[in-house]
Amino acid sequence: MLKGSLCKRLAMDLKKRGSFPVYEQYINATRCLTNRVESVTHTHTHRCSRTERTSRSKIREKKKIPGKRSRPFLYSSPPSSLIVEPLIQQQQICDNMDQTQTINFGAGPAKIPQSVLLKAQQEFLNFSTSGISVLEMSHRASDFIQIINRTESVLRELLNIPANYKVLFLQGGGSGQFSAIPLNLIGLKKDMCADYVVTGTWSEKAAKEAEKYGKINIVHPKMDSYTKIPDPSSWTLNPAASYVYYCNNETIHGVEFNFIPETNSVVLVCDMSSNFLSRPIDVSKFGLIYAGAQKNVGCAGVTVVIVREDLLGHTLKECPIILDYKTQAELNSMYNTPPCYSIYIMGLVLEWIKSNGGGAAMESLNQQKSLLIYDVINSSNGFYVCPVEETCRSRMNIPFRIRSKEGDATLEKEFLEGASKKGMISLKGHRSVGGIRASLYNAVTLQDTEALATYMKEFLRQHQ
Ligand SMILES: N[C@H](C(=O)O)[C@H](O)COP(=O)(O)O
Ligand SMILES: O=C(O)CCC(=O)C(=O)O
């Protein structure tokens with residue numbers, strides 16, 4: 001079943017390792033990874049629903065597809081190039097896939113470009129000429145140092161990061177940064193206070209965590225619902241604040257800033273977890289930007305922090321050393337073992353973004369994709385309801401309900417089940433708010449989005 005140069009290379013790798021039984025195991029593992037319907041490693045949310053799993057196994061039964069591990073390769077001859085394919089070739093790959101291709105609209109962990117997964121698969125057993133997997137590699141080995149340095153340099157190039165900013169690759173996710181930010185920055189000024197703009201669950205959690213370390217001021221009156229960004233003219237900013245914090249895109253509520261807040265020289269800190277590199281940004285306007293990789297730039301496990309050098313060294317003494325930016329910056333994110341494989345995957349995704357035109361190209365694509373879905377919502381005569389004000393609707397996460405703001409539970413269930421039968425998964429709204437949510441991160445293609453828009457129109461016709 002496996003033929004051609006890839007097969008030969010694998011056989012040679014494995015022969016070198018003296019293990020042909022392992023080769024069989026590799027083939028099974030490889031099939032599993034190549035098959036997007038079954039692949040779990042990078043493409044499913046950590047809270048993937050039981051209904052979706054069941055429904056996908058029903059598709060297998062119906063199509064008489066044998067059990068999980070015995071599906072054949074989707075490609076008769078897998079690409080031998082190690083280059084991360086640009087979008088156009090990705091599309092050709094998708095066109096070759098069967099009708100049960102799964103489209104992942106998950107909010108994170110989320111879809112990763114097919115060509116990145118293939119490249120990781122090709123290099124899985126033997127990275128470069130090392131003879132070992134990146135998974136097995138010392139973080140002090142020269143191959144890994146090259147991986148981390150290359151990842152940083154592509155990121156610097158893509159975002160045009162000024163030289164006076166450090167790039168850190170840390171663990172602990174966005175939630176780790178909710179603590180790290182006050183621990184590192186609230187001591188910048190003697191009043192030990194910070195301003196927070198709270199526009200959804202994630203900025204609310206960040207503000208709550210920061211209260212442990214200083215005085216936190218929410219700059220606007222509390223909102224009844226997270227459906228808008230309060231007008232900046234109504235914010236009360238404190239000039240004595242050590243920093244102003246906001247979340248650029250609220251993943252759960254689908255509220256996204258389309259402007260950079262003016263802070264009158266107070267350090268600006270931004271959570272870009274769910275719209276990082278989905279559009280260009282001017283890094284020089286920020287004191288600190290952070291983002292978990294598992295939405296737009298890779299898989300879970302690594303959080304990138306971009307921080308201006310002059311903000312380092314004001315850390316509270318109780319800050320755990322692994323969260324201390326200065327220590328991590330001095331040691332190139334290697335105070336301890338970094339999340340090596342996640343950094344490697346991030347590097348591949350960044351190369352993919354670069355070869356597809358960078359932030360500007362991502363922005364144009366994301367604009368088109370989100371418009372497709374918002375157009376269906378806006379022209380549905382109130383059948384689909386997006387609660388978010390038009391000016392701050394997210395291009396990344398589109399939450400919507402059916403028939404009313406509260407949603408019709410029966411219809412929403414039917415919508416999700418119907419989508420799942422068509423291979424469109426992870427469309428369920430976050431468990432804290434319910435409803436439906438389509439996440440359209442960089443790796444989600446225009447064709448994926450068109451498939452969803454078509455299904456939404458069909459569903460509307462059937463139930464209007
Ligand atoms: N999922 C969150 C978001 O959408 O912003 C955030 O990344 C959560 O943080 P963790 O990485 O700790 O899960
Ligand atoms: O679905 C999302 O918005 C991210 C989910 C998440 O990280 C969580 O629920 O902990």
Counting distance only, does the side-chain N/O of N442 pair as donor-acceptor with the main-chain N or O of I353 below 3.5 Å?
no

We want to know whether S333 and Q328 form a side-chain donor-acceptor pair, criterion being a heavy-atom distance below 3.5 angstrom.
no

Taking the six-membered ring for Trp and the single ring otherwise, decide whether the centroids of F415 and Y455 are under 6.0 Å apart.
yes

Is the backbone N or O of L416 less than 3.5 Å from a side-chain atom of S420, with the two atoms forming a donor-acceptor pair by type?
no

Check whether any side-chain heavy atom of K457 lies under 4.5 Å from a side-chain heavy atom of V376, and answer yes or no.
yes

Taking N184 for the side chain and L323 for the main chain, is one N or O donor matched with an acceptor at less than 3.5 Å?
yes

Classify the ring geometry between F259 and W235 as parallel (under 30°), tilted (30 to 60°) or perpendicular (over 60°).
tilted

Check R156 with E152, please: is the shortest side-chain N to carboxylate O separation under 4.0 Å?
yes

Rounded to the nearest 0.5 Å, what's the gap from NZ on K205 to CD1 on I252? Could you check?
7.0 Å

Taking atom types as modelled, is there a side-chain donor on Y441 or N275 under 3.5 Å from an acceptor on the other?
no

Looking at E256 and R279, does any basic side-chain N land under 4.0 Å from a carboxylate oxygen?
yes

Between K326 and E309, does at least one N-O distance fall below 4.0 Å, as a salt bridge requires?
no

For P387 and P399, the nearest pair of non-hydrogen atoms, with its separation, is CD-O, 3.9 Å

If I take atom OG from residue S133 and atom CG from residue L125, how far apart are they, to the nearest 0.5 angstrom?
7.0 Å

Looking at every non-hydrogen atom in both residues, tell me the closest pair between P338 and F144 and how far apart they are.
CG-CE2, 4.0 Å

Side chain of K369, backbone of L446: donor and acceptor closer than 3.5 Å?
no

Answer yes or no: is there an ion pair linking E412 with R403, defined by an N-O contact shorter than 4.0 Å?
no

Evaluate the ring planes of F178 and W202, with Trp represented by its six-membered ring, and classify them as parallel (under 30°), tilted (30 to 60°) or perpendicular (over 60°).
tilted

If you look at every heavy atom in K119 and Y344, which pair is closest and at what distance?
O-OH, 4.1 Å

Step by step, would you call F127 with D143 a side-chain contact (heavy atoms from CB on, under 4.5 Å)?
CA-CA 8 Å; F127 175 78; D143 274 325; 4.2 Å; yes

Regarding E204 and K208, does a basic nitrogen lie under 4.0 Å from an acidic carboxylate oxygen?
no

Test of ring centre spacing under 6.0 Å for Y246 and F257:
yes

Rounded at 0.5 Å granularity, tell me how far CG in L168 sits from CE in M334.
12.0 Å

Between Q171 and I322, does a side-chain contact (heavy atoms from CB on, under 4.5 Å) hold up when you go through it step by step?
CA-CA 9 Å; Q171 307 199 44; I322 55 161; over 6 Å; no

Over all heavy atoms of both residues, which pair between Y374 and S394 is shortest? Give the atoms and the distance, please.
OH-O, 2.6 Å

Are the side chain of R401 and the backbone of V385 linked by a donor-acceptor contact shorter than 3.5 Å?
no

Should the ring pair F459 and F383 be called parallel, tilted or perpendicular, given that the plane angle runs from 0 to 90° and is split at 30 and 60?
tilted

Do Q121 side-chain atoms and E123 backbone N/O form a donor-acceptor pair below 3.5 Å?
no

Checking T303 side chain against A291 main chain: does a donor-acceptor pair fall under 3.5 Å?
no

Looking at R395 and E363, does any basic side-chain N land under 4.0 Å from a carboxylate oxygen?
yes

Between S274 and N249, is any side-chain donor less than 3.5 angstrom from a side-chain acceptor?
yes

If I compare all heavy atoms of V266 with all of K189, which pair ends up nearest, and what's the gap?
CG2-NZ, 4.1 Å

Got a second to check how far H253's NE2 is from R393's CZ, nearest 0.5 Å?
15.0 Å

Just verifying a value: how many Å separate M192 CE and L316 CG, rounded to the nearest 0.5 Å?
5.0 Å

Check D448 with K111, please: is the shortest side-chain N to carboxylate O separation under 4.0 Å?
yes

Let me confirm one number: the CG-CD1 distance from D195 to I216, rounded to the nearest 0.5 Å.
8.5 Å

Which one of I436, I425, L440, N397 satisfies the side chain to side chain contact (heavy atoms under 4.5 Å, CB included) criterion with F105?
L440

Of all heavy-atom pairs linking I112 and V116, the shortest is CG2-CG1, 3.8 Å

